[in-house]
Amino acid sequence: MTPELKRLALERMMLIRAHEQAAVALQQSGQAPGTCTSVGQEASAVGVVWALTPHDEILTNHRSAGHLLARGADPRRIMAEIMGRADGYCGGKSGSLHISVKDLGVLLTSTIVGGELGLVTGVALSRKMQRRPGVVACFFGDGAACEGRFHESVNLAAVWNLPILYVCENNEWQAFVHRRETMLTERIGDRAAAYGIDGASVDGNDVAAVHDAARAAIARIAETGKPFLLETVTYRLRGHYEPDDQAYVDPAELSHWLARDPIHTLRARLEADGHLSTADFEAMNTRVARAIDDAIEFARNSPAPSLSQLTTDVYA
Amino acid sequence: MTPELKRLALERMMLIRAHEQAAVALQQSGQAPGTCTSVGQEASAVGVVWALTPHDEILTNHRSAGHLLARGADPRRIMAEIMGRADGYCGGKSGSLHISVKDLGVLLTSTIVGGELGLVTGVALSRKMQRRPGVVACFFGDGAACEGRFHESVNLAAVWNLPILYVCENNEWQAFVHRRETMLTERIGDRAAAYGIDGASVDGNDVAAVHDAARAAIARIAETGKPFLLETVTYRLRGHYEPDDQAYVDPAELSHWLARDPIHTLRARLEADGHLSTADFEAMNTRVARAIDDAIEFARNSPAPSLSQLTTDVYA
Amino acid sequence: MTGTMNDAIEQALADEMRRDERVIFVGEGVATKRAAIAREFGAERVRNTPLAEGIIAGTAAGAAATGLRPVIDLLFAPFLCYAMDEIVNSAGKLRYISGGQFSFPMVVLAGTGSGWGVGAQHNHNIEAWFAHSPGLKVVMPSTPADARGLLKAAIRDDNPVLFFADLALLYVPGAPDDADIALGQAAIRRPGRDVTLVSYAKTVGACLEAADQLAADGISAEVIDLRTIKPLDEETILASVDRTGRAIVVHEASRMCGVGAEVAAIIAEQAFESLRAPVLRLTGPDAPAPASFVLEQAFAPGAARIADAARTLCQSSRAPTRDLADA
Amino acid sequence: MTGTMNDAIEQALADEMRRDERVIFVGEGVATKRAAIAREFGAERVRNTPLAEGIIAGTAAGAAATGLRPVIDLLFAPFLCYAMDEIVNSAGKLRYISGGQFSFPMVVLAGTGSGWGVGAQHNHNIEAWFAHSPGLKVVMPSTPADARGLLKAAIRDDNPVLFFADLALLYVPGAPDDADIALGQAAIRRPGRDVTLVSYAKTVGACLEAADQLAADGISAEVIDLRTIKPLDEETILASVDRTGRAIVVHEASRMCGVGAEVAAIIAEQAFESLRAPVLRLTGPDAPAPASFVLEQAFAPGAARIADAARTLCQSSRAPTRDLADA
Ligand SMILES: Cc1ncc(C[n+]2csc(CCOP(=O)(O)OP(=O)(O)O)c2C)c(N)n1
Ligand SMILES: Cc1ncc(C[n+]2csc(CCOP(=O)(O)OP(=O)(O)O)c2C)c(N)n1
Ligand SMILES: [Mg+2]
Ligand SMILES: [Mg+2]
């Protein structure tokens, strides 16, 4: 990443963080239901999504705000969806857990863990049969990697040569269960070998490293025609779902990762390299704050869906 | 295996083959529904099952005759079950596809591909929590290894240290689909690494090699407390389910494997080593033929289940 | 031209795959077992899969949402248990959840029902599950012609359709003539005045047999074949019961919360004034399907049971309320 | 002593785990979220799992068949879609398939229903699926006390029991007193003469509210809480309808092939002579569950709708057949 791109990445990561903090505040003040925030995972989202072309597609899950905002989704319509309003991306029918934005190629978002893994093969098959170049990125967690659908999906994609960038965002937690309680191996990227495809693991808190790894993976998919399994090693800095006091989290583990906050480290590096002035940073802060204030304002003013919506969009 | 044990193994393998051929004949003459025969896979069944103690347990699937007969099940009651008679091991309610024999530790036989994989973890958990030593052997096919439940089962067994001997009988076919259409890798035993456990692949048509590999695997389970994934590389010499002309099978592949028929090769080896005389072999043939004739006779004379059985054994 | 329901399914597939190149056919061994289809349409559109129902259904849903029109063969109904998430939570719900951004034009094929002696893990009539779930349609034909017409309609429909083939009917010769049949239209197989027999799949034949027996006793039974279970053709059912004043619902699936419960409830709610007798259900028992031939044959209600029930019903009847009202 | 349904579930678990060391508690995060249970009974009996519902349910079935009595928490009802094979094809059928060699004493816990705004992949009332399937029992309580008694009965039962907790009721304070409650017994929450309201889970409250409103109009409504869906307490339902001559079945689950269809069908068949009016069903729509609060609140039938329906029913009624017969 160029310094310029890194600065843009920092601002987008700050936008994601601010969005999540706003969602938390709204939940705490009873203005919105709980959400699964991506606090701490912003680098993984921006690093991968910015490696995609506008024609590539994305499948994501319950922890999607980072992917959506990295892709350029409108914070106002995301916030409206979280608050269940008519102007939300899904008219309020989804809420925060499965926000799709077809116009941006963010497709079939599911909160069933493993749902995206079950659907992405079909999305990639369409792309392949319609002779559309590019890839489909599929974001899922370390928990989803324990579901049988992970096995079925990666294996089918390998056998059928589907252009899928599997992105396992390993944040060490599966709701209230630590990843180490659920698997004996450390690196999910290594599982690629079991399917005869390539894989890699990257520091998910270093946006530049993630971006490079994602671009290399996409190049590899173009070369081999096969899917690629990329693991971004990161950490869930807030609880699983608001509210969650994380009393069950080892404080040492948490502080270890707090010290590796992807936003703080990126900012520090940019400043150290002389690519970011305090003024630059303040300007970013201001723009981000304004965008999120607008989003909240927009969502608050958006009407509730009309009751007639209860039974629309069931059948085509 | 000692020469004596090999002779016994040969006779048991001949019994399995004769049983399957009888089942085929009954189907062809309209006296029994179709079955999934284990013709060609007798060495895998006898080699593994004879490595178990009477206290160990077995889960198997739709292709179970070899496992049942190797374990010492009564050919008469198997045949009666296949013919849907009252004296069958399941009173005729199962038919050939899911024959359990609890008294022999052959538990929860399922014809849902992957069913045994989903159930074996619980059987092993009971054994472990009840402090019963030994292992649970779980027979499944290369097709079952494609089901998500394979992934979930092996992973949970690894994390929970369950004493399971996973035995993947890779016969190159998954009903009407060749294994190579379903996976990019050649050796299913290698997948153990993805779960942090040990695995191995063995010539599944060499009963002594299978037996040694199974014994080594069981010893390893005792040592590590972890499950073991053993692949027996074999071949389905008849069709998937009677009747099946196998028109879809490459004749070269079939003849390659016909030349490696586990019964013929074992017999030839024993004869070459001077451990089997023609008289010995004839005597075996006679005993086997009589056992199968008895079985058919018994099954034919067994009554159909009474209609009252339609609704028994539904609730405990 | 004659053929079986199995032929009809293959013909409908070929017809639609010729008509619309977006239609693909996917499943465990479909390219092997439907060799003619595989030859004509090629390996890209006719695909064998690894043994994994969940990803087959998920792939279909993902492909349907992005421009293809998949038909998947999951072989036997109980195997759908591995694909419930993809069928119900994804294909059935993601249109709604997304506020209408996606549609799922896909068909799921599966066989079920007594006849092959394969037991409860290959034979389980679960069509009611899908009727109970939003966003899905359900078809279960009783003739080759209906199978052909309904499968074509299912493939052209923009919603996920579950297409269940009754194993006992799959290889029965018939006339799979090529008539268009819209989803949601029941067929009156035999008109009658005294009692309405509502059924689908194999038990339609039992009802027709029963109707013959009843005719001998001077009882005129009307036989309705639902053909499509969801959307359900309530009009045809209610119009018939308004005429006959008596109804018996017959199917192989078990009783509790089955399609028969739905049909009986609709009649009890919307044809109450016309009813002259209790609405009866004759169904399979609350038990898994046995393999043994004699037990399997006893599972689904047969003609004798149906005729007996109809006779009792016609004896013990009263005038309908609408007449009583004037009394 | 007061507590919520969630407390009651934990108490029942603790009671049974103390009483019977074969009872184990397994699921994603159960050891974390039920820390007191984990502390008391230890890591061997209270187990967190990898994220894989299918193997959790399969492990429970395999363990149940070999001497343990597992209780598994699958969290939310839609997640059962990943475990249908283990619940339906294994736990529900292998006793029968094996000719009675195995039994499956296990309990599956899951939450569902509107109230949390979590949308259709966390909220889907699918209890009817399991009522339709052989070998399974189904419980869905409406009070903390019932939850405690029924969960204990479920854990002691030798069959697989699906235990659904209505999310809207889970944290409502109540009195989880420790009474034994047998499976299969409905409760008459309020006696009445004119109309029977049959319901379960959250809509029981709506029926009681409706009954209050109706009382003001001089209509006396009887409210039946099924508590157990399978086995269904037909006697209590039929006895009530024999007295009132009118019935409305109310639930949040969708209409087609739901529990309401079964109850209405039973009434139409076995209480026909007592009926003075059509049997009505008030249910959730044929739609996935919306997340938006206003839409979610409109999903399940409320007191006003129930009271209106009851009023119409009581106006437009006739004398029951048994009286008409003498006319
Ligand atoms: C099939 C299914 N099981 C359980 C859940 C409840 N749940 C939601 S998120 C979550 C944890 C997922 O962990 P992971 O896949 O690592 O993703 P993360 O939340 O850590 O981003 C769980 C258990 C679910 N939504 N779907
Ligand atoms: C879930 C499920 N899907 C499909 C089938 C149909 N079927 C029965 S056996 C079989 C092939 C199984 O292949 P494999 O696991 O390799 O075992 P093999 O038959 O080769 O011994 C199939 C597809 C089934 N019984 N269950
Ligand atoms: Mg995680
Ligand atoms: Mg095989």
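Numbered from 1 within each chain, the chains take letters A, B, ... in sequence-line order.
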If we define contacts as heavy-atom pairs under 4.5 Å, which of [options] has the most with chain D?
options	result
A/Gly88, A/Gly95, A/Ser110	A/Ser110
A/Met183, A/Arg149, A/Glu81, A/Met83	A/Arg149
A/Gly115, A/Pro305, A/Gly143	A/Pro305
A/Ile82, A/Thr311, A/Ile112, A/Leu97	A/Ile112

Check for me whether the distance between the ring centres of A/Trp173 and A/His178 falls short of 6.0 Å.
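Judged by ring-centre distance (under 6.0 Å), A/Trp173 and A/His178 do meet the cut-off.
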
Establish, yes or no, whether a centroid distance under 6.0 Å links the rings of A/Phe176 and A/Tyr248.
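Between A/Phe176 and A/Tyr248, the centre distance is under 6.0 Å.
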
Please test A/Arg85 against D/Phe293 for side chain to side chain contact (heavy atoms under 4.5 Å, CB included), starting from the C-alpha separation and ending with a verdict.
CA-CA 9 Å; A/Arg85 304 305 173 89; D/Phe293 181 80; over 6 Å; no

Mind listing the closest non-hydrogen atom pair of A/Val106 and A/Thr60 along with its distance?
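Smallest heavy-atom distance, with atoms named: CG1-CG2, 3.9 Å.
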
Restricting to non-hydrogen atoms, name the atom on A/Leu307 and the atom on D/Leu295 that form the minimum distance, rounded to 0.1 Å.
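Looking at all heavy atoms of both residues, the closest pair is CA-CD2, 4.0 Å.
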
[X] versus chain D, heavy atoms under 4.5 Å apart: side chain, backbone, both or neither?
X	value
A/Phe150	neither
A/Thr111	both
A/Leu310	both
A/Thr312	neither

Report the C-alpha distance between D/Asp166 and D/Lys202 in whole Å, list the side-chain angles of each, state the deciding distance to 0.1 Å, and finish with yes or no for salt bridge (Lys or Arg N to Asp or Glu O under 4.0 Å).
CA-CA 7 Å; D/Asp166 189 323; D/Lys202 73 157 55 66; 2.9 Å; yes

Tell me yes or no: between the side chains of A/Ser308 and A/Ser306, is some donor less than 3.5 Å from an acceptor?
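Indeed, the side chains of A/Ser308 and A/Ser306 share at least one donor-acceptor pair under 3.5 Å.
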
Where on [X] is there a heavy atom nearer than 4.5 Å to chain A: the side chain, the backbone, both, or neither?
X	answer
D/Glu53	both
D/Val118	both
D/Tyr82	side chain

Pairwise side-chain contact, D/Leu109 with D/Ile72, heavy-atom cut-off 4.5 Å (strictly under):
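D/Leu109 vs D/Ile72: side chains apart.
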
